[in-house]
Amino acid sequence: MSDKKPLSSVNDFVVRFANVNGSGSASANEMFARAILRHGVPVSPRNIFPSNIQGLPTWYEVRVTEDGHLGARGGVDMMVAMNPQTWDKDVAGIEPGGYLFYDSTKPMPSTKFRDDITVIGVPLTAITNSTYTDPRQRQLFKNIIYLGALSALLDMDPKVIEQLIGEQYKGKEKLLSSNVHALHLGRDWALQNLKCPIGLRVKKSDKVGDRIFIEGNSAAALGAVYGGATVCAWYPITPSSSVAEAFTAHCKKYRHDPETGKAKYAIVQGEDELASIGIVIGASWNGARAFTATSGPGISLMTEFIGLSYFAEIPAVIMNIQRAGPSTGMPTRTQQCDIIACAYASHGDTKHVLLFPEDPAEAFEFAAAAFDLAERLQTTIFLMLDLDIGMNHRLCRPLKWDDARQYDRGKVMTTEMLEEGRDFGRYLDVDGDGIPYRTYPGTHPTKGSYFTRGTSRDRYARYSEEGSVYADNMQRLVRKFETAQDLVPRPLQANAERPTKYGVIYFGSTSPAMDEAIGLLEARGHQLDRLRIRAFPFHSSVASFLAEHDFVYVVEQNRDSQLRQLIVNENGIDPVRLVPIVHYDGTPITARFIAKAIGDHQDHLKVTPLRKAVS
Amino acid sequence: MTYIAKPKFHHPGLKKNALGYTHRDYEGKISTLCAGCGHDSITASIIEACYGLSIEPHRVAKISGIGCSSKTPDYFLGNSHGFNSVHGRMPSVLTGANLANRDLIYLGVSGDGDSASIGFGQFAHSIRRGVNMTYIVENNGVYGLTKGQFSATADRGSKSKKGVTNTDNAIDLVAIALQLGATFVARSFSGDKTQLVPLIAAAIRHKGASFIDVISPCIAFNNHAGSTKSFDYVREHNDAVNRLDVLVGRDPIAVDYAPGTVQVVEQHDGSKIALRKIDADYDPHDRLGAQTFLARHAAKGQIVTGLLYVDPEADDLHEHLNTVETPLNALEADTLCPGSAVLDKINASLR
Ligand SMILES: Cc1ncc(C[n+]2csc(CCOP(=O)(O)OP(=O)(O)O)c2C)c(N)n1
Ligand code: SF4
């Protein structure tokens with residue numbers, strides 16, 4: 001009995017699956033998301049998993065979003081509550097008017113439900129047990145059975161799911177037919193015993209277009225393949241391990257010499273992050289494109305080497321898939337919290353290039369570009385992803401590659417150039433851009449060899465502790481960083497419909513939530529210009545944007561507003577004009593959160609909403 | 001402080017090796033280490049070995065960590081690239097460099113502080129991976145550069161210059177290298193060039209992880225009575241199992257050894273190691289035997305030197321990873337990038 005009208009919506013709702021880790025639900029849940037996608041309706045799924053392997057809770061959330069809002073929305077319209085342990089919290093999380101789907105084999109006391117939601121019971125265990133005897137089969141098919149029941153409740157086309165099952169079990173006829181059978185068991189039971197469909201429905205649409213559905217880590221790894229990385233050294237850490245695992249898988253497919261079967265790559269699982277970055281630096285010093293993937297704790301260990309890369313000017317690419325820190329923090333929860341740690345990693349005066357992709361498509365592009373940048377600038381390049389885009393599937397534009405593209409190997413003096421008698425000084429600023437020439441080991445019998453060291457040296461790489469020589473080198477490194485400004489991806493600006501004194505800066509995985517929040521804020525009458533930062537060092541347009549607005553909100557997913565700190569630090573701007581909007585509980589930031597935080601601040605500033613002013 | 005470069009003048013009468021290089025072509029900058037430091041003798045032995053092997057100096061990449069010992073790559077092979085990386089991390093940098101270009105010769109130089117303490121893990125893992133390299137530890141039992149603290153290879157009961165007794169057990173890097181599967185393991189003494197030079201030469205010709213622990217007394221902090229890494233102590237307690245010669249190409253095998261006491265080991269690349277056996281029972285192909293032999297002699301306070309173990313059929317990390325023959329650093333976009341057509345297919349599979 002419900003005292004609230006059941007929610008009703010077509011192609012715009014959130015379903016959350018509460019499961020027990022290890023129950024084999026992941027593939028059924030993912031199939032649910034994909035099936036909606038195949039209906040032509042965009043989805044944005046998220047894994048929400050605690051740091052454990054077996055037995056504990058795990059959630060999978062699917063945002064069905066005809067409008068294509070790919071950020072987290074917040075709130076749950078339908079809870080598929082398959083985990084008794086989290087039942088109370090799961091039930092409490094349902095939006096008023098929402099739906100609770102549960103296994104009704106064992107009766108539940110009425111106190112376990114809520115009056116303002118619709119409860120849908122399906123005797124999943126009973127159906128499963130009457131059909132299957134094998135315990136593992138019972139466990140796995142129960143998931144397919146609820147998928148079938150949901151398809152009926154949400155008015156989904158069963159053929160679409162059958163096709164997906166067909167693709168998954170191609171060539172395994174027995175598994176294929178038994179899965180289709182289980183799907184229909186659930187579907188038929190629902191159709192016969194429940195009122196189908198409910199208020200939430202999936203209707204065929206054409207809003208997906210040619211977009212692809214891929215995880216950020218996999219896309220970044222593919223970017224490394226396309227970008228010509230040949231050496232990967234890594235150490236397992238959530239949420240970055242799947243980068244190296246995907247790189248391995250991609251390389252196995254695309255990087256074996258067809259004639260000899262030999263590998264055009266080398267992947268080493270290091271004994272730790274120190275070794276991983278050491279291998280990257282050794283390989284890059286010797287002219288190969290090399291990278292490592294890690295997360296915050298790994299970055300901490302790598303910092304001495306990162307300083308070496310900066311000072312000795314050796315290319316390196318580090319993909320940092322950020323998680324909630326510090327220390328072990330929440331290893332399976334997302335944040336954008338290593339901005340400062342990476343921008344100034346290591347002791348002494350250092351500055352590093354950071355790239356902030358917003359989605360898998362940019363993760364692919366920026367990963368490939370990172371290798372060009374690393375070699376051009378001869379320094380460490382950080383690709384800053386986070387768990388939210390790294391480990392979740394996202395809908396994004398198709399990946400693109402220009403076959404005419406050559407790798408930018410940077411300033412490398414070749415045997416011929418040395419033979420011509422070109423002056424080689426390893427740390428000479430020949431072109432005034434702060435970037436010196438390097439040679440690869442083994443280039444020439446008598447010319448161009450030099451000694452690489454972390455200790456101070458002069459322009460010809462000769463050890464020197466002369467103060468002026470050291471300062472000269474440090475100044476050149478500043479010049480090099482200025483050069484980097486024009487080489488890294490520029491910020492993207494989008495202006496409000498009407499002129500406004502207010503702006504918002506954001507970056508990376510916050511992007512889809514921000515795009516949606518703009519709409520919500522406009523509805524509240526607030527106009528904001530937007531600037532999405534895509535790299536550090538900041539392009540001069542960041543300073544212009546700051547100058548053009550009275551207040552600029554900086555939206556980010558960490559406690560201390562680290563990007564804001566960096567902007568203040570690098571632009572010498574009055575911090576009061578940069579308003580931090582921070583979200584850092586480990587869940588992805590939502591449009592609702594951003595709109596409320598900015599809207600409330602605007603109200604506090606007594607900004608007259610334009611709509612009111614007009615009326 | 002700036003290094004003094006050696007004058008480039010070559011005496012026209014200097015002896016040349018098979019490639020026409022003189023001894024001077026294998027030298028580097030003038031050493032800034034203390035006069036009499038064992039490390040300088042090792043430098044001289046490396047120069048001698050490379051000259052003797054007629055290696056092209058620029059085909060060597062010399063990589064080190066941090067410490068007096070790690071400074072030494074600047075003092076030999078002035079025409080090759082050197083890399084003085086960070087403390088204890090030479091092995092990973094060398095591993096990476098080796099992965100990038102399998103065609104160069106990799107010489108890793110480290111100290112006992114560098115390898116047995118901060119870099120113990122990296123030492124172990126580079127050995128177990130079978131990186132094709134010659135890994136030399138210049139072992140003086142102390143931290144030279146930071147002025148005389150005990151290192152992890154200092155023997156229990158040995159005394160520091162200030163009279164402090166070491167109460168910790170020592171790490172024997174040779175024993176560990178054997179245990180971890182190094183395919184060429186030797187120990188020598190910086191004061192014994194006759195033994196050390198051919199050992200370095202053989203290690204360079206060896207394909208796989210070669211490890212040489214060279215006891216190298218620190219004149220400044222560890223050459224006093226009570227030290228077990230002093231010149232006098234090592235001379236008195238040295239027990240050599242063999243002496244060797246390395247024969248490259250078609251060199252005839254020397255015949256001036258008594259029959260039965262010479263054993264010839266042929267390596268992958270065709271080079272031959274002629275072992276003059278001092279300990280007639282010693283078999284350098286028996287890893288387990290080498291381990292017990294070492295332990296037995298250590299218990300008697302003896303320092304066993306010589307070629308302790310060699311596997312002439314060894315392979316290396318590149319073989320384990322099945323990498324292409326072309327150095328990875330020479331591959332370009334046309335062979336590395338799968339191209340847009342493949343990407344279109346990938347895109348299609350992701351819908
Ligand atoms: C991370 C770090 N910790 C400490 C040091 C200081 N340090 C420099 S050299 C050295 C020890 C060198 O000892 P060893 O490797 O035995 O070489 P030796 O000087 O005896 O040849 C230490 C501790 C450093 N450079 N880096
Ligand atoms: S301090 Fe010791 S190890 Fe360092 S140079 Fe002097 S003698 Fe050699």
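Chain letters run A, B, ... following the sequence lines, proteins first, then strands; residues in each count from 1.
Of the two parts of I314(A), only the side chain, counted from C-beta on, holds a non-hydrogen atom closer than 4.5 Å to a non-hydrogen atom of chain B. Looking at H444(A), only its backbone comes within 4.5 Å of chain B, counting heavy atoms on both sides. For V208(A), no part lies near chain B; criterion is any non-hydrogen pair under 4.5 Å. For K400(A), the part lying near chain B is the backbone, with the side chain staying farther off; criterion is any non-hydrogen pair under 4.5 Å. With a 4.5 angstrom heavy-atom cutoff, R38(A) touches chain B only via side-chain atoms. Of the atoms belonging to L37(A), not a single heavy atom falls under 4.5 Å from chain B. Both the backbone and the side chain of V225(A) come within contact range of chain B, judged by heavy atoms closer than 4.5 Å. Looking at A275(A), both its backbone and its side chain come within 4.5 Å of chain B, counting heavy atoms on both sides. A233(A) does not touch chain B: none of its heavy atoms, backbone or side chain, sits under 4.5 Å away. For chain B, the nearby part of F364(A) is the side chain; its heavy atoms alone come within less than 4.5 Å. There is no contact between P57(B) and chain A, counting heavy-atom distances below 4.5 Å. With a 4.5 angstrom heavy-atom cutoff, E56(B) does not touch chain A via any of its atoms. S80(B) touches chain A through its backbone: at least one of N, CA, C or O sits under 4.5 Å from a heavy atom, while the side chain does not. Using a 4.5 Å cut-off between heavy atoms, D210(A) contacts chain B through both its backbone and its side chain.
Taking chain B as the reference chain and counting heavy-atom pairs below 4.5 Å, the highest number among L274(A), L308(A), L399(A), T455(A) is found for L399(A). If you tally non-hydrogen atom pairs under 4.5 Å between each of A61(B), A348(B), G339(B), G121(B) and chain A, the highest count goes to G339(B). No other option in I267(A), T452(A), I277(A) has as many heavy-atom pairs under 4.5 Å with chain B as T452(A). Among W285(A), Y450(A), F305(A), the residue making the largest number of heavy-atom pairs under 4.5 Å with chain B is W285(A). Of the listed residues R129(B), H318(B), E325(B), R59(B), the one with more heavy-atom pairs under 4.5 angstrom with chain A than any other is R129(B). For the set L395(A), T260(A), V268(A), D402(A), the entry with the most heavy-atom pairs within less than 4.5 Å of chain B is V268(A). With respect to chain A, the highest number of heavy-atom pairs below 4.5 Å among D344(B), T95(B), L343(B) belongs to L343(B). Considering only heavy-atom pairs separated by less than 4.5 Å from chain A, the leading option among V86(B), I63(B), T335(B), L104(B) is V86(B).
At a threshold of 4.5 Å between non-hydrogen side-chain atoms, the residues N84(B) and Y463(A) do not count as touching. Between N101(B) and Y440(A) the shortest side-chain heavy-atom distance does not fall below 4.5 Å. Proximity of P398(A) to R351(B): side-chain heavy atoms (C-beta onward) are separated by under 4.5 Å at one or more points. Two residues are said to be in side-chain contact when any heavy atoms from C-beta on lie closer than 4.5 Å; C337(B) and Y407(A) meet this criterion.
Here K71(B) contributes atom NZ and R453(A) contributes atom CZ; the two are 9.0 Å apart, rounded to the nearest 0.5 Å. Separating the CG atom in L321(B) from the OH atom in Y265(A) is a distance of 8.5 Å, to the nearest 0.5 Å. How far CG of N347(B) is from CZ of R397(A): 11.0 Å, rounded to the nearest 0.5 Å. Rounded to the nearest 0.5 Å, atoms CD (E215(A)) and CG (L350(B)) are 10.0 Å apart.
When all heavy atoms are compared, the tightest approach of R409(A) to N329(B) is NH1-O, 4.1 Å.
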message = Go through it in stages, so that I can follow the logic: the residues are W401(A) and I346(B), the test is side chain to side chain contact (heavy atoms under 4.5 Å, CB included), and I'd like the CA-CA distance, side-chain angles, deciding distance and then a yes or no.
response = CA-CA 12 Å; W401(A) 188 261; I346(B) 296 174; over 6 Å; no

task = Dump the intermediate steps for side chain to side chain donor-acceptor pair (under 3.5 Å) on Y106(B) and N286(A), then the final yes or no.
result = CA-CA 12 Å; Y106(B) 293 92; N286(A) 212 359; 2.8 Å; yes

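For K264(A) (side chain) and L331(B) (main-chain N/O), no donor-acceptor pair under 3.5 Å exists by modelled atom type. Using a distance-only test at 3.5 Å, with no hydrogens or angles considered, no donor-acceptor pair links the side chain of T446(A) to the main chain of N79(B).
Of the N and O atoms on the side chains of T439(A) and H81(B), at least one donor lies less than 3.5 Å from an acceptor on the other residue.
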